[in-house]
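To keep things clear, I will list the structure first and then write my remarks on it.
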Amino acid sequence: MPSTNPALAEGGTNPLALLREEVARRRAGGVDLRDLSIGDPDEPTPTAVRDALRAAVGPVSSYPTGPGRLETREAVARFVARRHGVTVDPASQVLITSGSKEAILHLPFAFVDPGGPRRTVVWGSPGYPTYARGARLAGGAPHAVVLTEADGWRLDLTRLDEDVLARTCIAWIGYPHNPTGATVDLPYLRDQLAVARAHDVVLCSDECYQELWFDTPAPSLLEATGDDARGALAVLSLSKRSGMTGYRSGAIVGDASLVAPLRRLREDTGTASPDFVQAAARAAWDDDAHVVERRATFAAKRAVVLDALAALGLTWSGSAATFYVWVRVPGGDDVAYARGLLDAGVVATPGRAFGTGGEGWLRLALVPDVDGCRDAMGRWADALRRGQLPV
Ligand SMILES: Cc1ncc(COP(=O)(O)O)c(C=O)c1O
């Protein structure tokens with residue numbers, strides 16, 4: 001029998017993958033479903049971005065460079081300056097990635113010493129599962145800190161035991177937060193940075209949802225660092241900001257002394273972003289108007305869903321930013337509730353799919369258009385009326 005990397009099995013079967021299989025089975029059987037489960041909304045990619053991609057497809061295809069083209073890194077630096085008021089050097093502080101998932105997965109390979117005393121990677125649960133997956137695959141030890149509603153779903157490094165911090169090489173924070181939609185402020189980010197710096201921990205901020213705020217612009221870790229990015233890395237993505245999930249484009253920005261080993265690693269991963277995708281990425285990073293529109297679109301969908309939930313007597317937590325709504329499950333059984341909703345034609349994700357601490361919650365993703373969201377909530381109301389869901 002060929003051997004396999006035990007870290008693959010340790011991750012367990014992804015509950016999201018199981019849900020997708022069930023949804024696909026029902027769809028294949030002709031069942032009409034309103035899908036509020038996957039973070040991949042239906043809105044089109046901006047025309048200028050699509051045009052930039054098409055125009056950049058030339059007759060000859062060459063290998064892209066590991067760190068990304070300088071002009072793409074410059075576009076990211078312009079975005080960081082414009083949006084966060086921080087100056088970064090595109091040559092030494094920015095790398096272009098193929099989306100942020102692969103960047104998050106690969107990042108521990110640069111900082112975990114599998115045989116050393118500092119193998120721990122801290123992350124908040126419920127959270128994005130790739131923080132733990134990447135840690136395990138790189139020979140690290142993921143350390144999940146269970147997040148609570150009482151703490152506003154914040155991972156607070158100031159409360160970690162000294163012995164945990166002494167073992168930790170990487171800490172992941174990620175706000176606005178998937179799956180809860182919780183947000184943080186600048187003082188929180190400054191506190192986390194101070195702890196990380198005091199303990200030589202690389203503080204990584206997953207900023208995939210940074211641009212999807214409703215009332216107050218979400219701060220970046222880069223705002224907490226100012227022009228001294230020591231100890232900090234922010235992982236950016238165009239997927240949600242610009243409706244570019246299929247393009248796979250993101251960036252890592254931060255401390256030049258941390259970017260250097262990542263750059264060395266990324267020369268080996270073969271995940272360099274294709275040049276034509278980078279042309280589209282430059283068009284996206286340099287434009288903010290389409291992001292304003294996207295925010296308004298998600299705000300409209302969010303209003304429909306929150307109004308409907310309130311009318312049904314349901315409550316939510318976090319849900320201040322991102323396109324997720326984090327709903328408290330009556331009766332507390334998120335898997336049973338999600339199954340009941342599926343029977344009613346609505347796909348939602350049980351909170352436990354995002355790890356310990358997610359039990360008793362459901363994540364709704366505002367994927368369909370406004371009418372689709374309204375229809376989904378109508379189906380939910382019908383199911384409640386028919387007594388098919390716990391109250
Ligand atoms: C919290 C979080 N981080 C990162 C990602 C990865 O996004 P992408 O690889 O599309 O940039 C996702 C995707 O849903 C996410 O939810």
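All values reported here derive from a predicted model rather than from experimental measurement. Read the numbers this way: they start at 1 and go in the same order the structure lists the ligands and their atoms.
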N178 and R363: side chain donor to acceptor below 3.5 Å:
yes

Examine V346 and L309 and state if one hydrophobic cluster contains both, with Ile, Leu, Val, Met, Phe, Trp and Tyr joined whenever side-chain heavy atoms are less than 4.5 Å apart.
yes

Please identify each residue that fulfils salt bridge (charged side-chain N to carboxylate O under 4.0 Å, His left out) with D40, with sequence neighbours left out.
none

How close do H199 and R118 get, heavy atom to heavy atom, and via which atoms?
O-NH2, 2.7 Å

I'd like to check whether T245 has a polar contact with ligand 1, where a contact means an N/O of the residue lying under 3.5 Å from an N/O of the ligand.
no

Is a salt bridge present between R379 and D382, judged by a nitrogen-to-oxygen distance below 4.0 Å?
no

Option set T130, L238, I38, D206, criterion heavy-atom distance to atom 3 (N) of ligand 1, minimum
D206

Before signing off on this row, confirm whether Y209 and ligand 1 have an N or O atom pair separated by under 3.5 Å.
yes

Of all the atoms in ligand 1, which lie at a distance below 4.0 Å from a heavy atom belonging to I104?
3 (N), 4 (C)

Tell me which one of E207, R248, H177 gets a heavy atom nearest to atom 9 (O) of ligand 1.
R248

One residue to check: S100. Relative to ligand 1, which of side chain, backbone, both or neither has a non-hydrogen atom less than 4.0 Å away?
both

Answer yes if V347 and L384 sit in the same cluster of Ile, Leu, Val, Met, Phe, Trp and Tyr residues linked by side chain heavy atoms under 4.5 Å apart, and no otherwise.
no

Is D228 salt-bridged to R230, going by a charged N under 4.0 Å from an acidic O?
yes

What is the nearest protein non-hydrogen atom to atom 10 (O) of ligand 1, stated with its residue, atom name and distance?
S239 OG, 2.5 Å

Shortest heavy-atom approach to atom 11 (O) of ligand 1 - which of S237, S98, G127:
S237

Within the structure, does S249 bring an N/O atom to less than 3.5 angstrom of an N/O atom in ligand 1?
no

Selected option - heavy-atom contact closest to atom 13 (C) of ligand 1, from K240, K101, R241, M244:
K240

